[in-house]
*Asks:* 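Got a structure here, written out as structure tokens. Questions coming.
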Amino acid sequence: MSFQKVKSSTSRCFDISTAALHIIAMLFMLMDHLWATLLPAQEWLTCVGRIAFPIFAFMSVEGYFHTHNFKKYLLRMLVFAVISEIPFDLMYGGTWFYPVHQNVIWTFILGLLGIHIMETVRKKKKTPVFVLTAILVTIAGGLLGTLTMVDYYGIGVLTVFIFYFFRGRKWWCLLGQIAALYWVNVELLGGLMYPVRLFGMEFELCQQGLALLALVPIWLYRGRQGYHSKPFQYFCYAFYPVHMLILVLILGFVNR
């Protein structure tokens, strides 16, 4: 496991900033939600939308390690999780109260709480205790995510943990991200398969497996923050509930 801070890029090679990652993830999420509401016939939108969640999961882990105050970070996420619940319920359940599916911010909150517990133990430098704690927290996180029915269920919480356990730019961290994301997306989640013919060979491509393409922008991130301001920060948080509410209002108007 690698827990060193990702250093900012000092070379001239192309990289993606934190701000750019947020914008990319928001655009992919918007495409997915457009498919879920206004454009269900445009299946390519949800295919591209698979890329959004791993980026957000990665950024939540980076946020944990870069925040100066975890309690404030968590509180901010709690506030927006509550604010987002009604727009989420309206979009996915068509009702103000849809208790069988919670919005994705709750997924990140469970992941961050698990990471905080593991980091607290790790800092005491007791490796056996940390390993045991990591195993128990990972199991508990997966179960809680499923039982509380947060978005992506327990698999979503495990995705957050993946970017914690394989945090860094060493080759084995990158390989671990590929293998673990393949496992949770293709083997555990699975889903719609597309027949593909390439170089005379036929095989099937898992739609959910397209989530692995999120690693391209993630690997291009080297710790550079990019544009940052309080208004931009809250815009990124507010985008989630606001865009869902707008889509629901447009859908309601179209279906009148």
Side-chain angles (χ1 to χ4, degrees), residues 18-60 62-63 67 72-113 144-146 148-153 155-157 159-160 189 191 207-208 210-211 214 217 227-256:
T18 302
L21 264 183
H22 275 297
I23 292 171
I24 290 169
M26 288 188 293
L27 287 174
F28 286 144
M29 177 175 64
L30 176 60
M31 290 179 184
D32 190 38
H33 290 171
L34 279 170
W35 168 82
T37 53
L38 302 175
L39 302 170
Q42 302 298 319
E43 199 165 304
W44 67 271
L45 287 170
T46 191
C47 291
V48 175
R50 300 303 89 207
I51 299 173
F53 179 74
I55 297 178
F56 281 122
F58 170 78
M59 293 308 297
S60 70
E62 287 300 294
T67 186
K72 286 185 178 180
Y73 179 45
L74 190 65
L75 178 61
R76 188 160 56 243
M77 295 194 75
L78 279 169
V79 169
F80 278 95
V82 173
I83 292 173
S84 300
E85 195 57 36
I86 289 179
F88 181 86
D89 289 352
L90 287 170
M91 187 175 76
Y92 276 97
T95 178
W96 293 89
F97 182 62
Y98 191 63
V100 297
H101 199 178
Q102 325 309 328
N103 75 75
V104 77
I105 301 180
W106 296 110
T107 309
F108 299 139
I109 288 172
L110 288 177
L112 288 170
L113 286 172
L144 276 174
T146 300
T148 56
M149 293 175 285
V150 297
D151 205 14
Y152 284 92
Y153 299 92
I155 302 301
V157 180
T159 301
V160 177
L189 283 177
Q207 183 191 79
Q208 187 59 40
L210 295 171
Y227 178 77
H228 178 73
S229 68
K230 281 293 182 182
F232 179 73
Q233 180 185 32
Y234 282 98
F235 166 78
C236 291
Y237 278 105
F239 180 84
Y240 184 56
V242 170
H243 92 275
M244 289 191 294
L245 186 58
I246 291 173
L247 289 175
V248 168
L249 292 173
I250 294 174
L251 185 64
F253 178 78
V254 170
N255 291 336
R256 285 176 59 182

*Asks:* Does Thr95 offer a backbone N or O that forms a donor-acceptor pair with the side chain of Asp89 under 3.5 Å?
*Replies:* no

*Asks:* Between Ser60 and Tyr73, which heavy-atom pair has the shortest distance, and what is it?
*Replies:* O-OH, 3.2 Å

*Asks:* Taking the ring of His101 and the ring of Tyr153, is the distance between their centroids below 6.0 Å?
*Replies:* yes

*Asks:* With a 4.5 Å heavy-atom cut-off, do Thr18 and His228 have their side chains touching?
*Replies:* no

*Asks:* Between the side chains of Arg50 and Gln208, does any donor sit under 3.5 Å from an acceptor?
*Replies:* yes

*Asks:* Using side-chain heavy atoms (C-beta onward) and a distance below 4.5 Å, is Asn103 in contact with Val150?
*Replies:* no

*Asks:* Can you say whether the rings of Tyr152 and Phe53 are parallel (under 30°), tilted (30 to 60°) or perpendicular (over 60°)?
*Replies:* parallel

*Asks:* Hey, does Phe239 have a side-chain heavy atom less than 4.5 Å from the side chain of Leu30?
*Replies:* yes

*Asks:* Roughly how far, to the nearest 0.5 Å, is the CG atom of Leu247 from the CG atom of Leu90?
*Replies:* 11.5 Å

*Asks:* Closest heavy-atom contact between Phe28 and Ala52?
*Replies:* CB-CB, 3.8 Å

*Asks:* List the atom of Met149, the atom of Pro99, and the distance in Å for their closest heavy-atom pair.
*Replies:* CE-O, 3.7 Å

*Asks:* Say whether, by atom type as modelled, one donor and one acceptor occur between the side chain of Trp35 and the main chain of Pro40 under 3.5 angstrom.
*Replies:* yes

*Asks:* I'd like to know if the side chain of Thr67 reaches the main chain of Gly63, judged simply by a donor and an acceptor atom lying under 3.5 Å from each other, with no hydrogens or angles considered.
*Replies:* no

*Asks:* Could you measure the distance from the CD atom of Glu85 to the CZ atom of Phe97? Nearest 0.5 Å is fine.
*Replies:* 9.0 Å

*Asks:* Distance from Ile55 atom CD1 to Leu27 atom CG, nearest 0.5 Å?
*Replies:* 10.0 Å

*Asks:* Any chance you could measure Leu78, atom CG, to Ile83, atom CD1, to the nearest 0.5 Å?
*Replies:* 11.0 Å

*Asks:* When rounded to the nearest 0.5 angstrom, what distance separates CD in Gln42 from SG in Cys47?
*Replies:* 11.0 Å

*Asks:* Please round to the nearest 0.5 Å and tell me the distance separating atom OG1 of Thr148 and atom CG of Leu110.
*Replies:* 5.0 Å

*Asks:* If you define the side chain from C-beta out and look only at heavy atoms, does anything of Tyr92 sit under 4.5 Å from His33?
*Replies:* yes

*Asks:* Between Leu113 and Leu74, does a side-chain contact (heavy atoms from CB on, under 4.5 Å) hold up when you go through it step by step?
*Replies:* CA-CA 9 Å; Leu113 286 172; Leu74 190 65; 3.6 Å; yes

*Asks:* Could you walk me through whether Phe235 and Met26 satisfy the side-chain contact (heavy atoms from CB on, under 4.5 Å) test, starting with their C-alpha distance in whole Å, then the side-chain angles of each, then the deciding distance to 0.1 Å, before giving a yes or no?
*Replies:* CA-CA 11 Å; Phe235 166 78; Met26 288 188 293; 3.9 Å; yes

*Asks:* Would you find a donor on one side and an acceptor on the other, under 3.5 Å apart, between the side chain of Thr46 and the backbone of Asp32?
*Replies:* no

*Asks:* Give me the atom names and distance for the closest heavy-atom approach of Gly156 to Thr107.
*Replies:* C-CG2, 3.5 Å

*Asks:* Could you check if a side-chain atom of Leu144 sits within less than 4.5 angstrom of a side-chain atom of Val157, using non-hydrogen atoms only?
*Replies:* no

*Asks:* For a 4.5 angstrom cut-off between non-hydrogen side-chain atoms, does Asp151 reach Gln102?
*Replies:* no

*Asks:* Under a 4.5 Å cut-off applied to non-hydrogen side-chain atoms, are Met77 and Trp106 in contact?
*Replies:* no

*Asks:* How far apart are the closest heavy atoms of Tyr227 and Ser229, and which atoms are they?
*Replies:* OH-OG, 3.1 Å

*Asks:* Step by step, would you call Leu75 with Phe80 a side-chain contact (heavy atoms from CB on, under 4.5 Å)?
*Replies:* CA-CA 9 Å; Leu75 178 61; Phe80 278 95; over 6 Å; no

*Asks:* Identify the heavy atoms of Val160 and Phe108 that sit nearest to each other, and give their distance.
*Replies:* CG2-CD2, 3.9 Å

*Asks:* Quick one: does any side-chain atom of His243 pair with a main-chain N or O of Tyr240 as donor and acceptor, under 3.5 Å?
*Replies:* yes

